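Report on the following structure.
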Number of protein chains: 2
Amino acid sequence: MTDQPVKKPSRIQTRNRRLILDAALDVFSRDGYGGATLDAIAKGAGLSKPNLLYYFDGKKEIYVTLLSQLLETWLDPLIELDPEGDPVEELLGYVRHKLDISLDLPAESKLFAGEILQGAPRITTHLKDELKPLFDRKCALIQRWIDAGQLAPVDPAHLIFSIWATTQHYADFGAQLSVLLAGQDPTKRAHAHLEQMFRQLLTPETE
Amino acid sequence: MTDQPVKKPSRIQTRNRRLILDAALDVFSRDGYGGATLDAIAKGAGLSKPNLLYYFDGKKEIYVTLLSQLLETWLDPLIELDPEGDPVEELLGYVRHKLDISLDLPAESKLFAGEILQGAPRITTHLKDELKPLFDRKCALIQRWIDAGQLAPVDPAHLIFSIWATTQHYADFGAQLSVLLAGQDPTKRAHAHLEQMFRQLLTPETE
DNA sequence: TCGTTGCTTTACCAATTGGTAAAATTTTTG
DNA sequence: CAAAAATTTTACCAATTGGTAAAGCAACGA
């Protein structure tokens with residue numbers, strides 16, 4: 001069973017692949033998959049186009065690599081929901097964490113949103129294999145918390161959707177926000193608002 | 001001041017422009033602006049490409065026409081927020097209405113989301129001139145309701161963002177939802193969940 | 001019925017795009 | 001250092017794309 005034709009990558013390889021992926025994130029998130037060009041990515045990475053294609057097999061592979069790496073970062077905070085912790089605080093912590101990510105890494109969020117928007121044609125497999133099982137586990141956990149009376153009765157799946165929607169909104173619709181808020185920084189108020197909303201929704205009635 | 005070189009459009013014109021815009025909505029919302037092609041739109045409309053360009057001056061004009069028509073439909077339900085009605089019910093009605101639109105017209109929602117996602121480069125003007133003033137007026141209205149004690153104290157702007165985010169999510173992230181919910185229809189539970197969440201958030205404390 | 005106008009088709013085209021072949025160069029290794 | 005391997009450049013190319021020119025056809029008012 002010694003099938004390891006995979007050599008460890010050279011320093012040059014790691015550096016250039018990194019450069020390419022960074023540039024690609026910029027371009028793909030700004031122009032969408034269809035609007036992005038290899039020339040733009042190559043330019044952004046400071047490489048020639050054929051050189052770029054020496055590291056990746058094509059436009060699609062760059063894109064998919066980017067997305068699947070991203071998906072892991074994306075799932076992490078959800079994984080960290082601790083069954084042992086206080087349910088309300090765990091979920092509010094998740095909201096905070098998600099919002100921080102959206103505010104700090106809008107390009108990543110946009111890339112992901114753009115792919116889903118177009119029907120997720122290139123990552124449905126990843127969604128099914130990685131996101132779905134995790135999602136199901138966390139829904140079950142939330143349901144257990146509710147059954148134990150530690151959480152107000154909410155629909156676990158749609159609660160998660162609401163968290164995703166409200167937090168991602170600050171990244172994905174950033175262009176709209178900056179028009180509507182006339183450029184003022186939404187960070188503090190966003191945090192306060194989501195905290196208020198979800199705390200009220202989740203806190204169980206203590207009679 | 002008799003400057004009216006604008007003739008009323010012929011029946012053929014209205015029909016073909018409609019055909020084109022319908023096809024364009026399909027293509028743009030599925031492939032994004034950059035990924036969409038005039039050939040695909042022409043094919044969808046059942047016209048030749050040059051024929052299509054007889055009705056519109058180019059790709060961009062089709063797209064912008066589509067978006068600005070859409071923006072009006074988009075603003076309508078917000079306009080209808082009635083200062084005379086019961087605040088909580090008015091806002092919950094808005095949530096319901098928005099959710100219905102997302103569920104019924106996902107392509108429209110996706111088109112809009114896609115444009116914002118890419119920084120709204122082609123409709124910032126529209127946003128500033130039409131959406132912003134309306135948004136400001138409605139924020140002020142919500143604030144008045146709060147001051148009158150008819151609504152729990154929330155941040156008006158971020159409340160609106162949350163409504164937009166949660167309702168649009170069902171259209172824009174439809175591909176993700178259908179993976180996570182394994183195809184079951186989210187309609188009923190979505191309505192119930194959002195009603196529960198926003199009612200709780202908005203109902204003022206009656207002590 | 002004729003001429004004007006409006007609509008459609010045919011035949012193009014220049015620019016861009018994703019991608020390749022192979023030579024030239026640099027880096028690593030024995 | 002010399003050979004082998006890895007990396008980069010140069011020179012391409014076929015397909016696609018947004019768009020045009022101009023001829024053909026249809027409709028309609030006088």
Side-chain angles (χ1 to χ4, degrees), chain A residues 4-67 111 114-115 118 121-122, chain B residues 4-67 111 114-115 118 121-122:
Chain A
Q4 283 177 328
V6 255
K7 295 230 179 119
K8 86 163 73 167
S10 72
R11 277 192 306 290
I12 288 184
Q13 275 204 31
T14 19
R15 172 175 52 89
N16 282 351
R17 284 182 65 101
R18 196 53 288 135
L19 281 172
I20 292 167
L21 289 174
D22 285 349
L25 175 63
D26 259 25
V27 175
F28 280 127
S29 71
R30 196 186 55 230
D31 302 333
Y33 180 81
T37 68
L38 290 182
D39 290 286
I41 298 173
K43 195 173 177 184
L47 299 173
S48 68
K49 187 167 57 173
N51 196 181
L52 183 153
L53 287 163
Y54 172 76
Y55 292 100
F56 289 92
D57 266 348
K59 186 179 177 179
K60 198 166 163 178
E61 203 205 299
I62 302 179
Y63 184 76
V64 172
T65 306
L66 210 48
L67 270 178
L111 183 75
E115 172 65 12
Q118 295 186 4
R122 287 158 283 246
Chain B
Q4 285 178 324
V6 255
K7 294 234 177 118
K8 86 163 72 167
S10 72
R11 278 190 303 292
I12 287 184
Q13 274 203 33
T14 20
R15 172 173 54 88
N16 282 351
R17 284 182 67 101
R18 195 56 285 137
L19 280 172
I20 293 167
L21 289 174
D22 285 349
L25 174 62
D26 259 25
V27 175
F28 279 126
S29 70
R30 196 186 55 231
D31 302 332
Y33 180 80
T37 68
L38 291 183
D39 289 286
I41 298 173
K43 196 173 176 183
L47 299 173
S48 69
K49 187 166 57 174
N51 197 181
L52 183 154
L53 288 163
Y54 173 76
Y55 292 100
F56 289 92
D57 266 347
K59 186 180 178 179
K60 197 166 164 180
E61 203 205 299
I62 302 179
Y63 183 76
V64 172
T65 305
L66 211 49
L67 269 177
L111 183 75
E115 172 66 11
Q118 297 186 3
R122 287 158 283 246

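Any value given below was found using the heavy atoms of this structure, including those in side chains, with hydrogens, waters and symmetry copies removed. Note that the structure is predicted; figures quoted are calculated from it, not measured. Chain naming here is simple, since letters A, B, ... match the order of the sequence lines and numbering starts at 1 in each.
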>> Nearest to the side chain of B:Thr37, heavy atoms from C-beta on, is which of C:dC7, D:dT17, C:dT20?
In response: D:dT17

>> Would you say that B:Asn16 contacts B:Leu19 through its side chain, given a criterion of any heavy-atom pair below 4.5 Å between the two side chains?
In response: yes

> In whole angstrom, what separates B:Leu38's CG from C:dA15's P?
Replying inline: 18 Å

> With no angle test and no hydrogens, is the base of C:dG19 tied to the side chain of A:Lys59 by a donor-acceptor pair under 3.5 Å?
Replying inline: no

>> What is the distance, to the nearest angstrom, from the CG atom on B:Asp57 to the P atom on D:dG19?
In response: 9 Å

> Is the shortest heavy-atom distance from the side chain of B:Asp31 to the side chain of B:Thr37 under 4.5 Å?
Replying inline: no

> Would a 4.5 Å heavy-atom cut-off, applied to side chains only, mark B:Ile12 and B:Tyr55 as touching?
Replying inline: yes

> Counting just side-chain N and O atoms, does B:Ser48 come under 4.0 Å of either OP1 or OP2 of C:dT8?
Replying inline: no

> So what does B:Ala42 touch, heavy atoms closer than 4.0 Å: a base, only the sugar-phosphate, or nothing?
Replying inline: nothing

>> Without decimals, in angstroms, what is the distance between B:Asp31 CG and D:dT16 P?
In response: 15 Å

>> Can you measure A:Tyr33 atom OH to C:dG18 atom P for me and round it to whole angstrom units?
In response: 8 Å

>> For C:dT9 and B:Asn51 - does any side-chain N or O of the residue sit under 4.0 Å from the phosphate oxygens OP1/OP2?
In response: yes

> Start at the 5' end of DNA chain C and walk down; is the nucleotide closest to B:Ile12 or to B:Pro50 reached first?
Replying inline: B:Ile12

>> Side-chain N or O of B:Tyr54 versus OP1/OP2 of C:dC7: is the shortest distance under 4.0 Å?
In response: yes

> Does the side chain of A:Pro121 come within less than 4.5 Å of A:Glu115's, by heavy atoms?
Replying inline: yes

>> Please report the distance, rounded to the nearest Å, between NZ in B:Lys49 and P in D:dA22.
In response: 18 Å

> Looking for any heavy atom pair under 4.0 Å, which part of the strands does A:Ala40 touch: base, sugar-phosphate only, or nothing?
Replying inline: nothing

> For the pair made of NZ in B:Lys60 and P in D:dT17, what is the distance, rounded to whole Å?
Replying inline: 20 Å

> Hey, is the side chain of A:Arg11 poking within less than 4.0 Å of OP1 or OP2 on C:dT28, counting only N and O atoms?
Replying inline: yes

> To the nearest angstrom, how far is A:Tyr63 atom OH from C:dG18 atom P?
Replying inline: 14 Å

>> From CZ of B:Phe56 over to P of D:dG18, roughly how many Å is that when rounded to an integer?
In response: 16 Å

> Is any side-chain nitrogen or oxygen of A:Asn16 closer than 4.0 Å to OP1 or OP2 of D:dA6?
Replying inline: no

> On the ring face of A:Phe28, is A:Lys59 found with NZ or CZ under 6.0 Å from the centre and within 45° of the axis?
Replying inline: no

> Is any side-chain N or O of B:Gln13 closer than 4.0 Å to OP1 or OP2 of C:dC7?
Replying inline: yes

